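Working notes, structure below.
Computed from a prediction, not measured in an experiment: that's the story for all the values here. The first residue of the sequence shown is numbered 1, and numbering continues consecutively from there.
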Amino acid sequence: MSKQEFILSKAAIAHTDGTFTIEQTKIAAPVGDEVLVKIKAAAICHTDHDSLTWDMPIVMGHEGAGIVEAVGPDVTKVVVGDEVILNWATPKYDGYQSQLGNQNICECNSPVMASHAGKISGGHPTFEATTWNDKPIERSFNLGTFSEYALVRASGVVKKRSKKLSFEAASTISCGVMTGCGSVFNTAKPEWGSSVVVLGTGGVGLNVVQAARISGAAKIIAVDINEQRLEMAKQFGATDVILADKEDKGLLKAAEIVKGMTEGRGADYAFECTAVPALGVAPLAMIRNAGTAVQVSGIEEEITVDMRLFEWDKIYINPLYGGAKPDIDFPKFEALYEKGDLILEEMITRTYKLEDLQQGFDDMLAGRNAKGVITFD
């Protein structure tokens, strides 16, 4: 592609009012350090559903895998034809946070940091390069993977090395695997033989479960209101399950059951993966004194906290994107998959065509899927 050329791409466009349509966009050839990716698979996440009511129209989707179609003149990381996994931690490697090792919260390029500042982040590709109805349109999380093609920065792709890993499973690494496994491997770092509680066993929670198993946790307690999800959790490594009651405020009754399973003291680690604001501090009730609670799901609403839940010496941490360093983490995930430790293909409950995205959302919201994935020809 020359700089004057563009490609037509069918994409899901969110309209800010809770609706979306499948429309045609135009994407210009990559410039600078940009990469044009032909999307082969895009996993569906609760955040994608949330994006229907964001304050600007966007090309939806933030998890994906595909094949490099074209590259800008400054790209050395990948070449045309490479299979890649996309990521939304697009760091400016010489930025302050990146130099500290915090690529996931890059002050220059993180889409989350930019959204709080009310501006497009430096990790976003050329804004004018993707147009809808002849007007530039932003891509969700600097990616926009619910589209036949996506234009991204080179830092937003990692070469896919495993030949047996399907594009469908690879797409889940983009966010669900990175967020769940990263929160265990990079943030909590549970010791061998430790006890772990996982609140919520959707796509992210299942990855927390299996990362805890890989880390050598002796007791992994999965908590959910969905019996089907709890059966999935056993497949991924849960040693015990608790069917929670929807009326159990703050899961305090479930916490007592957890204590009964952990010699009365509570678990060493607890991970909140429900995205339910009322459960934002529930993991604090599950852990022992000096235990660690990890708020994985990214709750940003205001909630009331009983400070007695922190007694005593408890740690509460809210990592973004599992502390992602994609160029390091993604190859590790592929290696664990190749070894048979990381379960990825089995996480794909159902695939959809882009035109069936609404059904994908319905199945996700009803708890029928561990992970639904959109596939492209």
**Prompt:** Is the backbone of A254 close enough, under 3.5 Å, to the side chain of D248 for a donor and an acceptor to pair up by distance?
**Reply:** yes

**Request:** For S9 and E148, indicate whether the former's side chain and the latter's backbone hold a donor-acceptor pair under 3.5 Å.
**Result:** yes

**Request:** Could you tell me which residues satisfy salt bridge (charged side-chain N to carboxylate O under 4.0 Å, His left out) with D94, sequence neighbours excluded, listed by chain and number?
**Result:** K92

**Message:** T187: which residues meet the side chain to side chain contact (heavy atoms under 4.5 Å, CB included) condition with it, sequence neighbours left out?
**Reply:** I317, P319

**Message:** Quick check on Q358: does its CD atom have over 12 non-hydrogen neighbours (other residues, nucleotides or ligands) under 6.0 Å away?
**Reply:** yes

Name every donor-acceptor pair, under 3.5 Å, that has one atom in a side chain of residues 276-285 and the other anywhere in the protein, sequence neighbours excluded.
none

**Request:** Quickly, which of F146, W54, F141 forms a ring pair (Phe, Tyr, Trp, His ring centres under 6.0 Å) with H62? Name it, please.
**Result:** F141

**Asked** Has K164 got its NZ or CZ under 6.0 Å from the middle of the six-membered ring of Y337, at an angle within 45 degrees of the ring axis?
**Response** yes

**Message:** I'd like to check the salt bridge (charged side-chain N to carboxylate O under 4.0 Å, His left out) partners of E272; sequence neighbours left out, ordered by chain and number.
**Reply:** none

**Item:** Any residue meeting side chain to side chain contact (heavy atoms under 4.5 Å, CB included) with S174, in chain and number order, not counting sequence neighbours
**Value:** E63, I85, L86

**Prompt:** What do you reckon, are the aromatic ring centroids of H15 and W132 less than 6.0 Å apart?
**Reply:** yes

**Asked** Which residues pass the ring pair (Phe, Tyr, Trp, His ring centres under 6.0 Å) test with F330, sequence neighbours left out?
**Response** none

**Message:** Under a 4.0 Å threshold between the charged nitrogen and the carboxylate oxygen, would K10 count as salt-bridged to E355?
**Reply:** yes

**Request:** Apply side chain to side chain donor-acceptor pair (under 3.5 Å) to Y352 and N369, showing your working.
**Result:** CA-CA 12 Å; Y352 308 84; N369 292 345; 2.8 Å; yes

**Prompt:** Take atom CZ in F127; do more than 12 heavy atoms of anything else shown fall under 6.0 Å from it?
**Reply:** yes

**Asked** So, E263 and R265, do they make that salt bridge, N to O below 4.0 Å?
**Response** yes

**Asked** Is any side-chain N of the basic residue among D33 and R153 closer than 4.0 Å to the acidic one's carboxylate O?
**Response** yes

**Asked** Is V78 close to V35 at the side-chain level, that is, under 4.5 Å between some pair of heavy atoms?
**Response** yes

**Asked** Quick one: do D245 and K253 make a salt bridge, cutoff under 4.0 Å?
**Response** no

**Message:** Check this for me: does any side-chain nitrogen of one of D377 and K40 sit under 4.0 Å from a carboxylate oxygen of the other?
**Reply:** no

**Prompt:** Hey, are the side chains of V79 and V71 touching, using non-hydrogen atoms and a 4.5 Å cut-off?
**Reply:** no

**Prompt:** Is a salt bridge present between E311 and R308, judged by a nitrogen-to-oxygen distance below 4.0 Å?
**Reply:** no

**Request:** Spell out, as yes or no, whether a donor-acceptor pair under 3.5 Å connects the side chain of T25 to the backbone of T131.
**Result:** no

**Residues E256 and K259 bridged, charged N to O under 4.0 Å** = yes

**Request:** State the OG-NZ distance between S171 and K160, to the nearest 0.5 angstrom.
**Result:** 11.0 Å

**Asked** Do V75 and V68 come close enough that some side-chain heavy atom pair is under 4.5 Å?
**Response** no

**Lys NZ or Arg CZ of K353 over F376 ring: under 6.0 Å, within 45°** = no

